[in-house]
Amino acid sequence: MLVDLHTHTTASDGTLTPQQLLAAATTAGIDVLSITDHDSVAAYSQLPAATGLELVTGIEVSALWAGRSVHVVGLNVDVHALEDVVRRQTLARERRAERIVERLARRGLDVDLAGIRERAAGAAIGRPHIAAELVAQGIVRDVRTAFRKHLGPGKAGDIKTEWPDLDTAVGWLRAANGTAVIAHPLRYRLTRTALARLAADFRAAGGQAVELVSGHAAEHEVAKIADLAAGFGFRVSVGSDFHAPLAWRSLGVDSARLRRLKPVWDGW
Ligand code: AMP
Ligand code: MN
Ligand code: MN
Ligand code: MN
């Protein structure tokens, strides 16, 4: 069985529409899919009634923990119960985009907010939309460079203060009957101790699971998270963090890799 519980569409910073993503997932042989757009559930109102695969509702919420931005995936959530959350996060993203544009302007980079909004095309604005606009205006060569010089960690566009704290984000997901999952735990570049502290705080907040496999995880990384999951009694999830077909090597993860761990989809 192929499971992918972390993907993005045009409702956030993905390049495929929800319909196109479904078609691609079907072609890839995915049996269980969740669309987990950044701070949005808009994809779920753009899908056909019959999907041909098992669709699990989801979202990826941006949060703050110990001064860092961390992502919490919510699975099997009641999307209607998240309406206020999505409204709040969309506003936070809007304000953040304005602040990023101001900061860039102060550094002499005149990037057009209207252009960014157009690029987002109604989706909650993310840094990838700003990066694309920087490229379109010829300010940087490509999206990678945009992140490296202007939007990535420690750069002018790295504004995290608008996000709710971890407890709040987990609380939102639990209140919507969802399973809260730490997204891509190794991407925060935490020390072993700090990662354990994140896991402890997450569990104390009501968090239940961790992504065992995210994108193109190496075997030793999977083993590391398996230990973390076992140590904290977390269930495990798997997801590709799919954004665009070109960067897509493997949508879906074979659930045989889960071995002795308890997957999130076993009895939601
Ligand atoms: P945001 O949600 O606005 O904080 O933007 C974060 C998103 O930007 C991530 O979900 C990725 O899709 C994308 N991203 C982060 N770092 C990079 C990078 N170095 N190059 C390209 N995209 C990135
Ligand atoms: Mn993204
Ligand atoms: Mn993420
Ligand atoms: Mn993601």
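Each ligand, and each atom within it, is numbered from 1 in the order the structure gives. On a predicted model such as this, the values are computed, not experimentally measured, just so you know.
- Atom CG of D39 and atom OG of S12 lie 8.5 Å apart (nearest 0.5 Å).
- Of the residues T9, D13, T7, T15, the one that meets the side-chain hydrogen bond (donor to acceptor under 3.5 Å, both in side chains) test with H243 is D13.
- Inclusion of H243 in the first shell of the Mn ion (ligand 2) is supported: an N, O or S atom falls under 2.8 Å.
- For atom 15 (C) of ligand 1, the closest non-hydrogen atom of the protein is F147 CE2, 3.5 Å.
- Closest heavy-atom approach to atom 13 (C) of ligand 1 within the set G152, S69, P128, A183: this belongs to P128.
- Residue L228 holds its CG atom at 9.5 Å from NZ of K224, rounded to the nearest 0.5 Å.
- At a 3.5 angstrom cut-off on N or O pairs, R144 does not count as close to ligand 1.
- Dense packing is recorded around CZ of R95, with more than 12 heavy atoms of other residues, nucleotides or ligands lying under 6.0 Å away.
- Assignment of H129 to the shell around ligand 1 is not supported, since no heavy atom sits closer than 4.0 Å.
- The NE2 atom of H38 and the OD2 atom of D13 subtend an angle of 90° at the Mn ion (ligand 2), given to the nearest 10 degrees.
- Dense packing is recorded around CD of E98, with more than 12 heavy atoms of other residues, nucleotides or ligands lying under 6.0 Å away.
- Not a single N or O atom of W163, backbone or side chain, sits closer than 3.5 Å to an N or O atom of ligand 1.
- Protein heavy atom nearest atom 9 (C) of ligand 1, with residue, atom name and distance: D13 OD2, 4.0 Å.
- Residue contact check for ligand 1: R96 places a non-hydrogen atom closer than 4.0 Å to it.
- The existence of a salt bridge linking D158 and K160 is confirmed by a sub-4.0 Å separation between a basic side-chain nitrogen and an acidic carboxylate oxygen.
- Atoms of ligand 1 lying under 4.0 Å from at least one heavy atom of G126, given by number and element, are 3 (O).
- Close approach of ligand 1 to H38 (heavy-atom distance below 4.0 Å) involves ligand atoms 10 (O).
- Of the protein's heavy atoms, R93 NH2, 2.9 Å lies nearest to atom 2 (O) of ligand 1.
- Using cut-offs of 30° and 60° on the angle between ring planes, the pair H184 and H6 is tilted.
- One side chain, T161 or R99, offers a donor N or O that lies under 3.5 Å from an acceptor on the other.
- Under 4.0 angstrom from ligand 1, there are no non-hydrogen atoms of H8.
- A donor and an acceptor atom, one from each side chain of T179 and R174, are nowhere located under 3.5 Å apart.
- Proximity of H243 to ligand 1, defined as any heavy-atom pair under 4.0 Å, is confined to the side chain (atoms from C-beta onward).
- Taking 2.8 Å as the criterion, H6 does not count as a coordinating residue of the Mn ion (ligand 3), since none of its N, O or S atoms falls below it.
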Exercise. Test ring-ring contact (aromatic ring centres under 6.0 Å, His included) on F232 and F202 and set out the steps.
Key: CA-CA 10 Å; F232 283 86; F202 180 73; 9.9 Å; no
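- Side-chain contact check for L212 versus L261: some heavy-atom pair is nearer than 4.5 Å.
- Protein heavy atom in closest approach to atom 4 (O) of ligand 1: R127 NH2, 2.9 Å.
- Annotation: H71 places no N or O atom under 3.5 Å from an N or O atom of ligand 1; distance criterion only.
- An angle of 80° is found at the Mn ion (ligand 3) between E60 atom OE2 and H71 atom ND1, rounded to 10°.
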